[in-house]
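Single-structure report; data block below.
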Amino acid sequence: GGGGGGGGGGKRRIPAAERRRRAAQERRAAAAAPRVTPIPMALLAHRSDVGKSLIGDVDFDRYVAASGYAFWQPTSARTGDNSVFVAINRLVELALRVRAPTAWERQQRQQQQLAE
């Protein structure tokens, strides 16, 4: 019995150097992209009623800030504390909140006005 390795499955393996080049290109493109998130996201930590969490509040706060989430919230279906519906309502409020344009949006608007 032969192992799994190559028999014409149609998928071409991309060389490691090409994968690294593509990954670097994607990172540069992501870094150049504006940091505008039109839809707020939340991280929900379920089963908060099952005892002490292995991850502390400070760690959640750091992860949420670094990952672009609007907030995090512990939830419990058993007790009803901070139900998912509470988080959904909060997300809707954030999505509907009128916000000031970002510096990037102001710059884009100015460029459009100059072009007209």
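These figures come from a predicted structure and were not determined experimentally.
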Ion pair present between Arg109 and Glu105, side-chain N to carboxylate O less than 4.0 angstrom? no
For Met41 against Leu91, the heavy-atom pair lying closest together: C-CD2, 3.8 Å
Minimum-distance pair of heavy atoms, taken over all atoms of Ala70 and Pro40: CB-CB, 4.1 Å
Using every non-hydrogen atom in the two residues, find where Phe60 and Ala45 come nearest and quote the distance to one decimal. CZ-CB, 3.8 Å
Search all heavy atoms of Leu43 against all heavy atoms of Tyr69 and return the closest pair with its distance. N-CD2, 3.7 Å
Please determine whether salt bridge (charged side-chain N to carboxylate O under 4.0 Å, His left out) holds for the pair Arg21 and Glu18, giving the CA-CA distance in whole Å, both sets of side-chain angles, and the decisive distance to 0.1 Å. CA-CA 5 Å; Arg21 186 191 66 75; Glu18 177 64 13; 2.7 Å; yes
With rounding to the nearest 0.5 angstrom, report the CZ to CG distance, Phe71 to Asp61. 13.0 Å
Can you name the closest pair of heavy atoms from Pro74 and Trp72 and give their distance? CD-CZ3, 3.5 Å
If we only count heavy atoms from C-beta on, is the Gln111 to Leu114 side-chain gap below 4.5 Å? no
Would a hydrophobic clustering, with Ile, Leu, Val, Met, Phe, Trp and Tyr connected at side-chain separations under 4.5 Å, put Val86 with Leu44? no
